[in-house]
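Written below as structure tokens is the structure these notes are about.
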Amino acid sequence: MCGIVGYIGNKKASPILINGLLRLEYRGYDSAGIATVEEEKISVMKNKGRVNNLNDLEGINNLKGTIGIAHTRWATHGKPSKENSHPHMDNSNSFAVVHNGIIENYQELRKKLTDKGYEFLSETDTEVIPNLIHYYYKKENDVLKAISRACKKLKGSYAIEVLSKYEPDKMIIARKDSPLVVGKGNGENYIASDIPAILSYTKDFYFLDDNEIVELTRDSITFYNQELEQIRKRVKVIDWGAAAAEKDGYDDFMLKEIHEQPNAIRETIGAKLDNGKIELEDLNFSKEYLESLNKIYIVACGTAMHAGLVAKTIIEKLCKIPTEVDIASEFRYREPLIDEKTLAIYISQSGETADTIAALKLAKSKGAKTIAISNVIGSSITREADYSIYTHAGPEIAVASTKAYTSQVVLLSVLAIYFAEVLESSEDKLINKLKKAILELPAQVEEILKDVSSIKRFAKKIYKETDMFFLGRGTDYAVALEGSLKLKEISYIHSESYAAGELKHGPIALIENGITVVSIITNKDLMDKSLSNIQEVITRGAKIMMVTNQEMDNKNFDCIINIPKTNPLISPILSVVPLQVLAYYISKEKGLDVDKPRNLAKSVTVE
Ligand code: AGP
């Protein structure tokens, strides 16, 4: 997904911009570019391909400007090419713009501008922005006013940075539905779409809200609303160390993040389970309110949605409130039945996933209370929701989510207990057992990760395969879905996940000699039935990797991973770990880029 970096100060801007873009590489992109301004002249350097290739462009070292904007593009409108990459200039080369998001009415704007004599050199939606700014500049003779007027004409989402030759000592930025932060320095200021890009330069951040415009000089940051009335914003101190965003000696971010899970879970639990009933900072639901609910929706995408599937079982069991889980991009368009008796929970690691944010806005508009669960403080979703609670997993850089998933399931379990305690809907004994089990999780994940040699060996054996199956019942099925997604994402092996009992209703036709089936069995009550399903595939020649915490008489599996016992409601937090490790080592065996799988982006900010 596109990334933005900006700098205004006294140092040469280009190395700072390129360094920032390198830190955003994990988001996925296909081209990169920068622009700096010097003596009322804007210079643009851009190309298709990697950020590092920018260093090879002729003249890049001659850019002496101390103000600059930069961008990594993930193609939406128009193929990856030099012409389509950002920054884009207006026809008079007076304004340079980088843009994240999608301008939905760009065709209409392009036509209007073309009728007025403007020409377009790219296939992008973005190119209308600098030209629209130029169009209004001719009327206003004021850069800020021109940008504000242009923004009012844009439909869709945008985070933009604008350089202008008319005001070469200023930079203007604006946002709507696409993230943008300002990092405050001393005699210099930084801009980024994501905090890690500039975290090594400052810890003081301002988070822009929708329809805000900011004018930056080296020594000042002035915030405006769309009417250009000055507004005040609070600085937030971000205490992630810059090293937290680095690899810490691991080969890849994904492996590092898999190993960070014990700590991420610990941090997410924090002091929430320490004494008596759970209190969650931002939440103060009354028993009457929770009793009035006729439904809880959990809405998210991808891995976050899989975390929601686990939570459904926990909430229904502890709180006795019907809970539906939905894919955010589907939820919006199926006219879900929402009213003030609905509570809607949205899960998003990044807090910037466009589909999830749009689904949240929908529920809000229909009177439901909304809770955001995110890993990023101040992210867009947390600013939209009525209430926000945070996983404390630290920055997750690898595209394939690992520690965010386990932290999300932990936090959702804590949330379910919180509801149950307010509702008095579950026996204390059950609640206390579950709390104790949650507190044991970090050490249990550590135990699983201590020795992964048999998973590594199994990965070596099967990495050339083209199809695999993941089977489970109950919460083990939710884990099967997540295991299968991890494998697809980073190893490019086709895989299917099924509720084990469903196999005989069709998919078993695909089971043939030698195919690999990963089985997850962590619930004693479901073990016999699950084992019968596995026997059915063994009979048809399948190789089995078994992930279990149960004692089994038949150990006739190709690989068996014994994990610690826990309450079946939260067993996914343990059983997913071997599946993450399996996907990781298969990808490594295949020599793939684990952290940046093809076609994927870390933060999906388009719908
Ligand atoms: C996970 O491995 C994926 N890369 C993806 O499914 C991700 O979970 C999804 O895009 C949602 O992201 P979010 O949590 O940042 O909203």
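Note that this is a predicted model, so its numbers are computed, not measured. Order of appearance sets the numbers: ligands from 1, and atoms from 1 within every ligand. Keep in mind that the numbers below use all heavy atoms, side chains included, and drop hydrogens, waters and symmetry copies.
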Answer yes if the ring centres of His306 and Tyr405 are under 6.0 angstrom apart, and no otherwise.
-> no
Enumerate the atoms of ligand 1 whose separation from the nearest heavy atom of Gly302 is less than 4.0 angstrom.
-> 6 (O)
Scan Thr566, Asn567, Asp476, Asn549 and name whichever one has a side-chain hydrogen bond (donor to acceptor under 3.5 Å, both in side chains) with Thr522.
-> Asp476
Does Val399, backbone or side chain, put an N or O under 3.5 Å from an N or O of ligand 1?
-> yes
Let me know which of Gln580, Gln349, Glu482, Glu396 forms a side-chain hydrogen bond (donor to acceptor under 3.5 Å, both in side chains) with Ser401.
-> Glu396
Is the backbone N or O of Arg598 less than 3.5 Å from a side-chain atom of Asp593, with the two atoms forming a donor-acceptor pair by type?
-> no
Ala304 heavy atoms within 4.0 Å reach ligand 1 at atoms 8 (O), 14 (O)
Just jot down the ligand 1 atoms closer than 4.0 angstrom to any heavy atom of Ser401, in number order.
-> 1 (C), 2 (O)
Return yes when atom NZ of Lys456 has more than 12 non-hydrogen atoms of other residues, nucleotides or ligands closer than 6.0 Å, and no otherwise.
-> no
Among protein heavy atoms, which sits nearest to atom 11 (C) of ligand 1, and what does the distance come to when rounded to 0.1 Å?
-> Cys301 O, 3.4 Å
What is the nearest protein non-hydrogen atom to atom 15 (O) of ligand 1, stated with its residue, atom name and distance?
-> Ser350 OG, 2.7 Å
Heavy-atom distance under 4.5 Å between the side chains of Leu415 and Leu411, does that happen here?
-> no
Taking the six-membered ring for Trp and the single ring otherwise, decide whether the centroids of Tyr297 and Phe331 are under 6.0 Å apart.
-> yes
Does the gap between the ring centers of Phe285 and Tyr387 come in under 6.0 Å?
-> yes
Enumerated ligand 1 atoms positioned under 4.0 Å from heavy atoms of Thr303 = 1 (C), 2 (O), 6 (O), 8 (O)
Are any side-chain N or O atoms of Glu212 and backbone N or O atoms of Asp209, one a donor and one an acceptor, separated by less than 3.5 Å?
-> yes
Test item, Glu352 contacting ligand 1 (heavy atom, 4.0 angstrom) = no
Shortest protein heavy-atom distance from atom 12 (O) of ligand 1, along with the residue and atom involved | Thr353 OG1, 3.5 Å
If you measure every N/O of Gln349 against every N/O of ligand 1, is any gap under 3.5 Å?
-> yes
Do me a favour and list the nearest non-hydrogen protein atom to atom 10 (O) of ligand 1 with residue, atom name and distance?
-> Val604 CG2, 4.1 Å
What protein heavy atom sits nearest atom 4 (N) of ligand 1, and how far away is it?
-> Glu489 OE2, 2.7 Å
Which ligand 1 atoms, with their elements, are less than 4.0 angstrom from a heavy-atom of Ala400?
-> 2 (O)
Using distance alone, determine whether Gln408 and ligand 1 share an N or O pair under 3.5 Å.
-> no
